[in-house]
Amino acid sequence: MGKGFFRKELTQTGSPFKLKPGQYILRLLTAWFFGAFAAVLVGDYNAFLSPLLGKSSLFALLVIGFVVFVGTCFLKRDKLVFLLLILGTESFCLSITLKIVNTTISVPLSVGLCLVLCAVVAYSDLKDLDLKIKNRTLYIAVAVMLVLMTAYIGAACIVKYNNYNVYGYDHGIFAQMFHNMKETGQMVTTYERNELMSHFKVHFSPIFYLLLPLYMIFPSSQALLIINGFIIISGIVPLMFLCKRFKLSNIATLLFCICYAIYPTFIGNGLWGLHENAFLAPLILWLFYFSEKDCTLGAVIFAVLLLCVKEDAAMYLAIIALYYIVSGKSLARNFILLALSLLCFGAVTMLMQKYGLGIMSASRFGNYIGEDGSLFTMIRSVIENPSFTLAQVFTTDKLLFLLQMFMPLCFLPFLGKKPARLILFIPMLLINLMTRYSYGYDIYFQYTLGSAAILFYLSVAAYSEMGEKRKKTLICATLCSTVMACSTYLSPGYLGRTDDVKQRNEEIKQALSVIPDDASVAATDSPAGNLTERDELYYINSANKIYSDVPKDVEYYAIRRGHGWERMEEVIEKLRDTDGLTEIVTTENIVIFKNENAGAGK
């Protein structure tokens with residue numbers, strides 16, 4: 001902590017009767033936030049539905065508020081009171097978000113709470129705040145954050161897995177694929193399209209082979225969940241070096257790393273399950289770092305790794321290379337990287353059209369190109385009719401998505417001074433906003449990871465160019481990040497289970513125990529995520545899937561039912577009417593059928 005930290009003013013006290021009216025207002029506001037924080041802690045979720053507090057909450061509000069007001073009145077100088085005001089406001093906001101986590105009001109209310117925090121920080125006098133930490137402290141803090149967030153995501157994923165809430169799509173696909181990679185070395189899976197098929201037919205993702213040695217040591221679906229979380233959060237390391245490259249102070253670097261570690265889209269994707277897009281965030285940030293450092297070898301290595309993530313990762317490389325070309329930096333290298341990205345995308349697209357299932361442009365951008373169009377049709381649509389594009393981009397759901405992406409960063413990406421950086425918004429516009437695919441603009445799905453990494457680069461670059469007010473902006477970003485994170489997936493509730501859930505889990509576990517480990521199974525999204533360590537696993541998501549996709553010789557069917565799975569009752573009835581199937585287990589939450597015509601286990 002720096003020697004100038006509020007310059008001795010924190011220790012000065014005086015009579016509470018010699019303060020000015022404005023100072024009393026400051027202390028009343030501080031007391032009110034602390035009192036409101038205490039009232040929320042004492043109350044429950046139903047308190048949000050009532051205009052007045054209950055007796056216990058009202059008592060907490062008055063008592064804590066009175067104590068804080070009297071105590072702060074003995075502080076003659078206002079510097080410490082401003083810090084207490086920010087602390088009280090943040091505590092109040094966090095206490096609310098933890099009560100409403102993932103409810104229908106969580107995101108809009110959290111955005112409102114962030115605006116309150118920004119107003120309080122803007123009101124506060126922080127010009128003499130001068131915190132300093134050493135490099136060693138920074139490195140230790142970043143390492144601790146990496147370990148803690150990996151541990152949190154891993155623990156929460158294991159709880160989800162044991163709750164049968166880790167689904168076949170997408171984690172089950174990759175978990176079964178790694179099971180087959182361990183046995184044959186090939187990226188094949190039956191679950192993705194209900195036939196034995198290489199994942200390369202759907203996506204070009206050789207990057208997965210980097211994880212195979214780890215899977216050989218820890219061959220389980222749970223290990224893949226933990227590894228996925230580590231990959232996403234590991235982007236905190238290149239972010240730290242990027243901040244140092246932009247000559248940010250150690251405390252500013254630490255705050256940016258905190259924002260990254262608890263950024264909602266990173267936590268949400270960590271809890272969803274393994275996906276190749278998990279590599280996007282760290283690889284893009286490493287690419288930015290080596291590009292800023294002007295290290296050709298590092299930039300080329302991470303550019304190649306980025307191309308190995310997925311066919312559309314070439315778009316990120318092309319945009320980043322174009323940005324540096326327009327900026328006039330390392331032109332030869334970036335022209336080569338731009339050409340490499342375009343050649344790679346063209347080659348992979350052509351190969352997937354010939355030997356695979358195409359690049360799925362119709363499912364993602366059918367609103368522009370129709371079912372039979374191409375990406376060139378989309379480009380023409382954007383140029384000819386920009387009003388249509390704007391109507392697709394600025395919908396209610398997408399505006400909410402934008403708030404969730406930018407509010408935790410206090411809109412720093414928009415505050416840069418270099419026009420060339422506008423180019424870096426193209427991936428978000430293309431992947432997340434122009435699409436009709438609802439998962440594309442949902443922060444809990446993998447399509448946001450590349451855009452999120454770019455936003456952090458833009459935030460760091462913009463912060464490095466700001467003047468004296470940048471201190472408050474970064475403080476706001478850190479406080480807003482905690483609020484937005486706690487309103488989504490950073491909550492102790494994800495680490496525990498109620499008695500009802502434990503009973504349901506045991507019921508499903510007992511039901512699945514009748515299925516031999518080597519048997520072929522067709523299953524709904526759950527429990528498919530828990531049945532991946534077998535050669536044949538097939539997907540059922542509707543009654544039509546039973547006959548159109550699933551092989552006739554599947555030995556067992558596992559169908560979830562009950563709350564949230566009501567749509568599967570039609571599937572169960574169709575299976576009951578199918579000759580040769582015997583209903584061997586029936587519970588409130590799952591039904592197991594055995595195919596007598598399939599013969600014994602393999």
Side-chain angles (χ1 to χ4, degrees), residues 102 145-182 187 189 191-192 199 203 205 207-236 261-282 309-310 439 442-449 485 488-497 501 505 508-509 512 523-534 537 539 560:
N102 273 346
M145 276 190 280
L146 176 58
V147 171
L148 288 179
M149 289 310 300
T150 300
Y152 169 77
I153 291 174
C157 280
I158 299 303
V159 171
K160 283 189 67 178
Y161 183 87
N162 292 332
N163 287 347
Y164 297 93
N165 286 330
V166 172
Y167 294 152
Y169 265 82
D170 293 308
H171 179 78
I173 295 172
F174 301 116
Q176 196 212 12
M177 184 186 75
F178 270 95
H179 167 78
N180 289 325
M181 288 170 70
K182 177 175 175 287
M187 289 175 53
T189 171
Y191 192 77
E192 192 161 19
H199 182 63
H203 293 304
S205 305
I207 193 80
F208 275 129
Y209 279 104
L210 292 180
L211 301 184
L212 186 56
L214 268 177
Y215 185 80
M216 299 289 282
I217 301 172
F218 306 104
S220 71
S221 182
Q222 297 95 316
L224 292 174
L225 290 168
I226 297 171
I227 291 170
N228 180 72
F230 173 79
I231 292 170
I232 294 173
I233 300 300
S234 70
I236 197 174
I262 61 176
Y263 194 61
T265 197
F266 293 144
I267 301 177
N269 276 276
L271 295 182
W272 178 247
L274 181 64
H275 196 280
E276 59 255 272
N277 280 13
F279 288 95
L280 287 177
V309 174
K310 207 173 161 187
Y439 297 137
D442 190 324
I443 67 167
Y444 306 126
F445 291 91
Q446 60 272 6
Y447 306 100
T448 60
L449 288 171
T488 51
Y489 279 140
L490 189 62
S491 169
Y494 287 97
L495 302 177
R497 285 172 285 182
V501 171
N505 294 347
I508 296 174
K509 181 179 179 181
L512 294 177
T524 46
D525 249 338
S526 169
N530 297 65
L531 298 171
T532 57
E533 294 175 25
R534 63 188 65 244
L537 179 66
Y539 179 43
R560 278 295 300 271

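Of the possible donor and acceptor atoms, none in the side chain of D170 sits under 3.5 Å from a partner among the backbone N and O of H275. N505 places a side-chain N or O within donor-acceptor distance of the main-chain N or O of N162, the cut-off being under 3.5 Å. Checked by atom type and distance alone, the side chain of T189 never pairs as donor or acceptor with a backbone atom of M177 at under 3.5 Å. Side chain of N530 to backbone of Y161: a donor-acceptor contact under 3.5 angstrom is found.
Side-chain contact between K310 and L280: absent, with no pair of heavy atoms (C-beta onward) separated by less than 4.5 Å. Using a 4.5 Å heavy-atom threshold, the side chains of L211 and F279 count as touching. Side-chain atoms of L271 and C157, non-hydrogen and from C-beta on, do get closer than 4.5 Å to each other. At a threshold of 4.5 Å between non-hydrogen side-chain atoms, the residues T524 and Y167 do not count as touching. Looking only at side-chain heavy atoms (C-beta outward), Y444 and W272 stay at 4.5 Å or farther from each other. Within the 4.5 Å cutoff, the side chain of M149 has heavy atoms near those of the L490 side chain. Put simply, the side chain of L495 reaches to within 4.5 Å of the side chain of Y152, judged on heavy atoms. Counting heavy atoms from C-beta on, the side chains of L274 and F208 come closer than 4.5 Å.
Other residues, nucleotides and ligands contribute more than 12 heavy atoms inside 6.0 Å of the OH atom of Y164.
In plain terms, the two heavy atoms of A261 and M145 that are nearest each other are CB-SD, 4.2 Å. Heavy atoms only, all atoms of each residue included: A278 and N228 are closest at CB-OD1, 3.2 Å. Summarising the geometry of I232 relative to G270, their closest heavy-atom pair is CD1-N, 3.7 Å, with the distance given to 0.1 Å. For the pair S205 and M187, the tightest heavy-atom approach, listed with the atom from each and the gap, is O-CE, 3.4 Å. In terms of heavy-atom proximity, A523 sits nearest to Y191 at O-OH, 4.1 Å.
Distance check: Y447 OH to N269 CG gives 10.5 Å after rounding to the nearest 0.5 Å. Remark: I236 CD1 to I262 CD1 distance equals 10.0 Å, nearest 0.5 Å. Expressed to the nearest 0.5 Å, how far OH of Y489 lies from CD1 of I443 amounts to 8.5 Å. With values rounded to the nearest 0.5 angstrom, N163 atom CG is found 11.0 Å from I158 atom CD1. For the atom pair NE2 (H203) and CD (E192), the distance works out to 6.5 Å, reported to the nearest 0.5 Å. Note that OG1 of T150 is 9.5 Å distant from CD1 of I226, once rounded to the nearest 0.5 Å.
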Validation: residues 213-224 side-chain donor-acceptor distances under 3.5 Å, sequence neighbours left out:
{"from": "S220", "atom 1": "OG", "to": "A223", "atom 2": "N", "distance (Å)": "3.1"}
{"from": "S221", "atom 1": "OG", "to": "H171", "atom 2": "NE2", "distance (Å)": "2.7"}

**Asked** Run the side-chain contact (heavy atoms from CB on, under 4.5 Å) check on T488 and I267 step by step: do they pass?
**Response** CA-CA 9 Å; T488 51; I267 301 177; over 6 Å; no
ask   = Where do Y494 and K160 land on the side-chain contact (heavy atoms from CB on, under 4.5 Å) test, with the steps shown first?
value = CA-CA 8 Å; Y494 287 97; K160 283 189 67 178; 5.6 Å; no
List the steps, then state whether side-chain contact (heavy atoms from CB on, under 4.5 Å) holds for Y439 with Q446. CA-CA 8 Å; Y439 297 137; Q446 60 272 6; over 6 Å; no
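Checking F174, Y539, F445 one by one against Y169, the ring pair (Phe, Tyr, Trp, His ring centres under 6.0 Å) holds for a single residue, Y539.
With sequence neighbours excluded, no residue satisfies side chain to side chain donor-acceptor pair (under 3.5 Å) with N165.
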